[in-house]
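Structure record follows, encoded as structure tokens.
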Amino acid sequence: MTQKRYSNQDLADIFQTIANLLEIKGEVIYKILAYRKAADSLRDYGGNVYDVWQEGKLTDIPGVGKAISEKIDELYTTGQLEFLDKLSAEVPPSLAEMLEVPDLGPKKVALFWKELGIIDLADLEAAARGGELQELPGMGEKSEAKILAGIESLSRRTTRTPLWKAWPAAEDLLARLRQIPGVEIAVAGGSLRRMRETVGDLDLLVAAEDSSPVMEAFTNLPEVLQVIGSGKTKSSVEFNNGLRAQLWVHPPERFGTALQYASGSKDHNVRLRELAIKQGLSLSEHAFTRQDQSEILCANEEQVYEVLGIPWIPPEAREDRGEVQAALAGELPDFIELSDIQSELHTHSTWSDGKLSIKEMAIAARNHGYKALAITDHSPSLGITQGVTVEDFKKQRAEIDSAQKDLGDSILILQGSEVEIKADGTLDYPDQVLAELDIVFASLHVSLRQPREQVTQRLLNAIQNPHVDVIGHPTGRLIPDREGSDLDMEAVFAAAAQSGVAMEINAHPMRLDLNDIHARQAIEMGILLSINTDAHSPGELDLMHFGVATARRGWVEAKHVINTWEPERLLSWLRSRG
DNA sequence: GCCGTTTTCGGCCCGACTGTTTTCAGTCG
């Protein structure tokens, strides 16, 4: 017996594979959906599933019942899963890679496998090139060509697009759609509107009486590489850069149901439709339909939720993570909003790698309406940035005092530091230096790939230092290329709850660190958060909304976030710490 | 396979688009 400590993601991958193989095998759809649901739920689970297993409470996890909990138990106990081994012997696992091809689903994959012995993408491409596919029942020339094009597009589009790339692309497209005569509204839907950290396709929504000129203009945009589909209410295209976009056009009086539908998530929508059914209604993107076929139209999204008898749920919270149940129970959180943010606490100036002087940054922050700004330049050990030396702090304080004098009480400037947590786990300044600062962030930038115990211990050291106020971008991840450190987040949060240190949600869209799931876990443990842009230039102060969106995805309220507080309260909290 | 403020059994959302078809199956979101 070999034991393996499968991560949440490992388990999710295993059940996702099972779902795919069962689907090709032709198992009933609801069993497949159950495995998929369990996979999503395990992946998104806040704590470690391993710990839940040890407590014997696996079935507390949504979507995990008797059969799946037994499989998890077998995996943790034996390191194997007999069910999957048997299934793999029956259905070659390599078949699943063909499901990635657009327009290729389980039925076709099974057909190709059984009729032509095709078991992977290479076989598929060869058969398509040889014209073998079009001979099969239900297939034809066009279908075969589509599959070839699909295989080709796979190499162009291997991963989801990070939010920071998708957002400006969508803004640009929407601005151009708004120029088209007859377009009354043009907004983003889908995972972009929900502000997921990565986005599959861009989903764009337009309200217009006549859809055809809009569709026409959209499919003829100069950067369109190919039109994947085009109809009266929906078109989808692939752009030169590999990005895909879909456009829905609905009349203004039906825009509410359309926007709600296209914003998803799919699972959230299923919950809403279940609610509708309980009220004798059927909900689609077009309208609510009563049993006598008469319709209830919703011009805006608020009306959709009103008909269902629940409060409007912000798009960021529509992931079927209990939001509909909470709405029914009147227990939705009072989600934080951008306007709640009173100060920016993590920024850099020319004292390290920032672009602007302290005063210039303060003016930029004031222009954002902030009441306080903390300058938190790097400490010296981080080689790439010339950090602030211990001797520099006095001069920097003088510059802050001077800037403060010039700006009067229009904004409060705090002297802070983003002190490096060095590879050996010590901080880059001695305690007596940290004690002099108004606010101290401690962050990891180096040796992020240390073993779990070691890197976790470094963070714990910082958390337990009484002079540290906030842990900056805790995991150190960069989207999409760098995974965060292999931290034991349970231990990190337990220590943070104990010491009272705040954890950052870094708003930079390449970081979003803590992420939504960790943020939710943190507030549930009573940990305070701080949302900051880590701005190195004035433009980056605009990134705050990404951090707030991530917080909303984590059900965070203003009361959980220290930089929603008035400066006086913030100062008194900082003073109460070491 | 999961789940329960009508159910511990019998449900499990709804429609658009495409390509192959003479009325529909497959795929997608």
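Below, read A as the first sequence line, B as the second, and so on, with proteins coming before strands; counting in each chain starts at 1.
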Please tell me if [X] has a side-chain N or O lying less than 4.0 Å from either OP1 or OP2 of [N].
{"X": "H286(A)", "N": "dA16(B)", "answer": "yes"}
{"X": "S284(A)", "N": "dC13(B)", "answer": "no"}
{"X": "S143(A)", "N": "dT20(B)", "answer": "yes"}

For the side chain of [X], starting at C-beta, report the closest nucleotide among [options].
{"X": "K71(A)", "options": "dC14(B), dG1(B), dA16(B)", "result": "dG1(B)"}
{"X": "T233(A)", "options": "dA16(B), dG1(B), dG15(B)", "result": "dA16(B)"}
{"X": "K232(A)", "options": "dA16(B), dC17(B), dT20(B)", "result": "dC17(B)"}
{"X": "K266(A)", "options": "dC13(B), dT18(B), dT20(B)", "result": "dC13(B)"}

For the side chain of Y30(A) and the base of dG11(B), is some donor closer than 3.5 Å to an acceptor across the two? no
Answer yes or no: is there an ion pair linking [X] with [Y], defined by an N-O contact shorter than 4.0 Å?
{"X": "E238(A)", "Y": "R244(A)", "value": "yes"}
{"X": "E90(A)", "Y": "K86(A)", "value": "no"}
{"X": "D320(A)", "Y": "R271(A)", "value": "yes"}
{"X": "K37(A)", "Y": "D40(A)", "value": "no"}
{"X": "D172(A)", "Y": "R176(A)", "value": "yes"}
{"X": "E301(A)", "Y": "R318(A)", "value": "yes"}
{"X": "R321(A)", "Y": "D516(A)", "value": "yes"}
{"X": "E197(A)", "Y": "R477(A)", "value": "yes"}

Please state the [atom1] separation for the pair [N] and [M] - nearest whole angstrom.
{"N": "dC12(B)", "M": "dC17(B)", "atom1": "C1'", "result": "25 Å"}
{"N": "dT8(B)", "M": "dT18(B)", "atom1": "P", "result": "44 Å"}
{"N": "dT7(B)", "M": "dC2(B)", "atom1": "C1'", "result": "13 Å"}
{"N": "dA16(B)", "M": "dT22(B)", "atom1": "P", "result": "23 Å"}
{"N": "dG19(B)", "M": "dG1(B)", "atom1": "C1'", "result": "33 Å"}
{"N": "dT27(B)", "M": "dT20(B)", "atom1": "P", "result": "13 Å"}
{"N": "dC3(B)", "M": "dC13(B)", "atom1": "P", "result": "15 Å"}
{"N": "dC28(B)", "M": "dT23(B)", "atom1": "P", "result": "26 Å"}

Atom [atom1] of [X] and atom [atom2] of [N]: how far apart are they, to the nearest Å?
{"X": "E295(A)", "N": "dC14(B)", "atom1": "CD", "atom2": "C1'", "answer": "14 Å"}
{"X": "L111(A)", "N": "dT20(B)", "atom1": "CG", "atom2": "P", "answer": "13 Å"}
{"X": "L22(A)", "N": "dG1(B)", "atom1": "CG", "atom2": "P", "answer": "8 Å"}
{"X": "K146(A)", "N": "dT18(B)", "atom1": "NZ", "atom2": "C1'", "answer": "5 Å"}
{"X": "I32(A)", "N": "dC12(B)", "atom1": "CD1", "atom2": "C1'", "answer": "13 Å"}
{"X": "I147(A)", "N": "dT18(B)", "atom1": "CD1", "atom2": "P", "answer": "17 Å"}
{"X": "E135(A)", "N": "dT20(B)", "atom1": "CD", "atom2": "C1'", "answer": "14 Å"}
{"X": "Q260(A)", "N": "dG29(B)", "atom1": "CD", "atom2": "C1'", "answer": "13 Å"}

Counting heavy atoms not belonging to E55(A), are there more than 12 under 6.0 Å from its CD? yes
Strictly by Watson-Crick or wobble contacts shorter than 3.5 Å, is anything paired with dC12(B), and which nucleotide is it? dG1(B)
Using a heavy-atom cut-off of under 4.0 Å over every strand shown, decide if [X] touches base, sugar-phosphate, or nothing.
{"X": "S236(A)", "answer": "nothing"}
{"X": "Q134(A)", "answer": "nothing"}
{"X": "L328(A)", "answer": "nothing"}
{"X": "S282(A)", "answer": "sugar-phosphate"}

Would you say R196(A) and S265(A) are linked by a side-chain donor-acceptor pair, where the criterion is simply a distance under 3.5 Å? no
Looking only at heavy atoms, the pair that brings L247(A) and L177(A) closest together is CD1-CD1, 4.0 Å
Could you list all N or O pairs between the protein and nucleotides 2-5 of chain B that sit under 3.5 Å apart?
{"residue": "dC2(B)", "atom": "OP1", "partner": "G65(A)", "partner atom": "N", "Å": "2.7"}
{"residue": "dC2(B)", "atom": "OP1", "partner": "I68(A)", "partner atom": "N", "Å": "3.2"}
{"residue": "dC2(B)", "atom": "OP2", "partner": "A67(A)", "partner atom": "N", "Å": "3.3"}
{"residue": "dC3(B)", "atom": "OP1", "partner": "G63(A)", "partner atom": "N", "Å": "2.8"}

Where each residue is assigned the nucleotide of DNA chain B containing its nearest heavy atom, which of W248(A) and P137(A) is assigned the position nearer the 5′ end? P137(A)
Considering only nitrogen or oxygen atoms on both sides, find all protein atoms under 3.5 Å from nucleotides 22-28 of chain B and state each distance.
{"residue": "dT27(B)", "atom": "OP1", "partner": "G105(A)", "partner atom": "N", "Å": "2.7"}
{"residue": "dT27(B)", "atom": "OP1", "partner": "G105(A)", "partner atom": "O", "Å": "3.0"}
{"residue": "dT27(B)", "atom": "OP1", "partner": "K108(A)", "partner atom": "N", "Å": "3.1"}
{"residue": "dT27(B)", "atom": "OP2", "partner": "K107(A)", "partner atom": "N", "Å": "3.2"}
{"residue": "dT27(B)", "atom": "O5'", "partner": "G105(A)", "partner atom": "N", "Å": "3.4"}
{"residue": "dC28(B)", "atom": "OP1", "partner": "D103(A)", "partner atom": "N", "Å": "3.0"}

Stacked cation flag K71(A) on F83(A), 6.0 angstrom / 45 deg: yes
